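In each ligand, atom 1 is the first atom listed, and ligand 1 is the first ligand listed. Keep in mind the model is a prediction, meaning the values are calculated, not measured.
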Amino acid sequence: RAKESGRNRWTVFDASMRDAVRERVEIEVALRAAVAQEQLSIAYQPIVAMDTGRPAGAEALCRWQHPVRGWIGPNMFIAVAEDSNLISALGAWVLRESLLQLARWRAGGVVDDDFWMSVNVSPRQLGDPAFAERLGRTLRQTGVPAANLVLEITESVMVEGSDLTERVLVELRALGVRISVDDFGTGFSALGYLRRHPVTGVKIDRSFVNGLGTSAEDEEIVRAVVAMSSALHLAVVAEGVETEAQRDVLLALGVPLAQGWLWGRAVDPDAFAAAWAVRVALPAAAPSD
Ligand code: C2E
Ligand code: MG
Ligand code: MG
Ligand code: MG
């Protein structure tokens with residue numbers, strides 16, 4: 001009997017494994033087409049200066065509207081793209097598209113000159129020796145100054161990165177692009193990593209922001225990150241701020257910048273401009289005399 005149920009369990013396991021593999025292959029095939037046919041889109045979420053409430057920048061977050069399955073979130077398809085090498089084409093597209101968007105906003109007076117675009121890059125992209133050179137070309141073509149681009153890398157790049165990825169990071173800094181460590185605190189990097197690698201900022205992971213106002217431990221962690229970042233001259237952004245209580249603790253701890261549903265979710269470019277434009281188009285003022 002035990003043997004029988006064991007076998008049944010194996011059969012079920014086997015079938016679900018097969019389904020999982022099939023689903024992955026299916027997603028990969030569809031994603032390949034989506035990248036080629038530009039069925040992807042980008043949503044933009046404001047990064048806000050908490051003292052003024054003004055947007056200092058935006059994070060570009062990839063979206064995929066699948067013709068049959070509907071909306072698929074990046075947590076699902078980015079991993080597939082990374083495993084199948086689609087990530088370089090997808091990542092290049094996200095960079096170009098978000099920089100073109102920033103160029104349009106700058107030209108239209110929607111954003112200030114120092115407003116930046118934050119773009120996620122996967123470790124695989126940074127393993128491409130031509131990455132920085134190509135990005136430099138994209139910056140020139142779109143007319144966006146390098147300082148207005150922040151690349152968000154994962155802690156794993158610092159922990160597991162090769163000499164090659166290290167060289168790419170150095171080249172990116174030479175271009176003038178800023179580099180921020182995303183989801184900081186979740187990936188086993190230590191203080192020394194931040195000092196050894198050419199990064200310019202950290203984004204405090206949502207999991208630490210979550211408990212602010214209720215968890216003394218999370219507050220101490222954020223306090224430590226702020227102290228360390230200030231010693232190393234790193235910019236700090238808090239991620240996933242959802243409540244005013246969290247915002248107030250962050251301000252008290254000296255975190256200047258944050259991102260989260262408290263200010264707004266990631267939205268399409270028109271909705272972003274409607275909600276966050278700095279300059280409302282005004283009729284020309286009559287000369288005063
Ligand atoms: P991430 O870079 O850490 O981006 C922040 C994620 O937190 C986004 O999820 C955002 O929508 C979500 N978020 C923002 N504010 C809040 C909040 O107040 N509460 C909560 N609960 N969530 C909030 P999203 O858009 O689903 O993206 C998930 C992840 O997918 C990103 O995490 C990033 O790692 C990856 N990703 C997205 N777009 C790209 C891309 O173009 N390239 C690469 N390589 N990865 C991407
Ligand atoms: Mg990010
Ligand atoms: Mg993040
Ligand atoms: Mg995160």
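- Across all non-hydrogen atoms, the minimal contact from A238 to V209 is CB-CG2, 4.0 Å.
- Closest to the Mg ion (ligand 2) among the N, O or S atoms of E152 is OE1.
- Residue contact check: N75 has heavy atoms under 4.0 Å from atoms 28 (C), 29 (C), 30 (O) of ligand 1.
- No side-chain donor-acceptor contact under 3.5 Å links D205 to the backbone of F208.
- For ligand 1, the atoms lying closer than 4.0 Å to a non-hydrogen atom of V94 are 41 (O).
- In terms of heavy atoms, S122 sits closest to I87 at OG-CG1, 3.3 Å.
- Heavy-atom contacts of G260 reach the following atoms of ligand 1: 15 (N), 18 (O) (cutoff under 4.0 Å).
- Neither the backbone nor the side chain of A266 comes within contact range of ligand 1; no heavy atom lies under 4.0 Å.
- Residue contacts with ligand 1 include Q45, since one of its heavy atoms falls under 4.0 Å from the ligand.
- Remark: among candidates V119, N120, T154, the nearest residue to atom 43 (C) of ligand 1 is N120, based on non-hydrogen atoms.
- Counting only non-hydrogen atoms, the option in E242, R124, R265 that gets closest to atom 21 (N) of ligand 1 is E242.
- Note that CG of L234 is 8.5 Å distant from OG of S180, once rounded to the nearest 0.5 Å.
- Among the atoms of N120, an N, O or S atom falls under 2.8 Å of the Mg ion (ligand 2).
- The closest approach between a heavy atom of G91 and any atom of ligand 1 is not below 4.0 Å.
- Under 4.0 Å from ligand 1, not a single heavy atom of E82 appears.
- Rounding to the nearest 10°, we obtain 100° for the angle at the Mg ion (ligand 3) between D182 OD1 and E239 OE1.
- Atoms of ligand 1 found under 4.0 Å from any heavy atom of D182, numbered from 1 in the order shown, are 1 (P), 2 (O), 3 (O).
- Among L194, V199, T200, the one residue that satisfies the side-chain contact (heavy atoms from CB on, under 4.5 Å) test with L232 is L194.
- In this structure, the side chains of V121 and E152 stay at 4.5 Å or more apart for every pair of heavy atoms.
- Taking the N/O/S atoms of D183 in turn, the shortest distance to the Mg ion (ligand 3) belongs to OD1.
- Metal site remark for the Mg ion (ligand 2): E59 contributes an N, O or S atom at a distance under 2.8 Å.
- Proximity of a side-chain donor or acceptor of E160 to a complementary backbone N or O of V157 within less than 3.5 Å is not detected.
- Set against the non-hydrogen atoms of I78, the atoms of ligand 1 under 4.0 Å away are 39 (C), 40 (C), 42 (N), 43 (C), 45 (N), 46 (C).
- R63 counts as a contact of ligand 1, since one of its heavy atoms falls under 4.0 Å from the ligand.
- A donor-acceptor pair under 3.5 Å links the side-chain atoms of H197 to the main chain of M158, judged by distance alone.
- At least one heavy atom of E239 sits less than 4.0 Å from an atom of ligand 1.
- No donor-acceptor distance shorter than 3.5 angstrom exists from the side chain of E23 to the backbone of D19, with no hydrogens or angles considered.
- The residue K203 has no part lying near ligand 1, judged by heavy-atom distances below 4.0 Å.
- E59 and Q259 share a donor-acceptor pair across their side chains, judged by distance under 3.5 Å alone.
- Using cut-offs of 30° and 60° on the angle between ring planes, the pair W276 and F272 is tilted.
- Under 4.0 angstrom from ligand 1, there are no non-hydrogen atoms of L262.
- The closest donor-acceptor contact from the side chain of D112 to the backbone of D114 lies at 3.5 Å or more, if one exists at all.
- In the vicinity of S122, heavy-atom distances shorter than 4.0 Å reach the ligand 1 atoms 44 (N).
- Separation of the W105 and Y44 ring centroids falls under the 6.0 Å cut-off.
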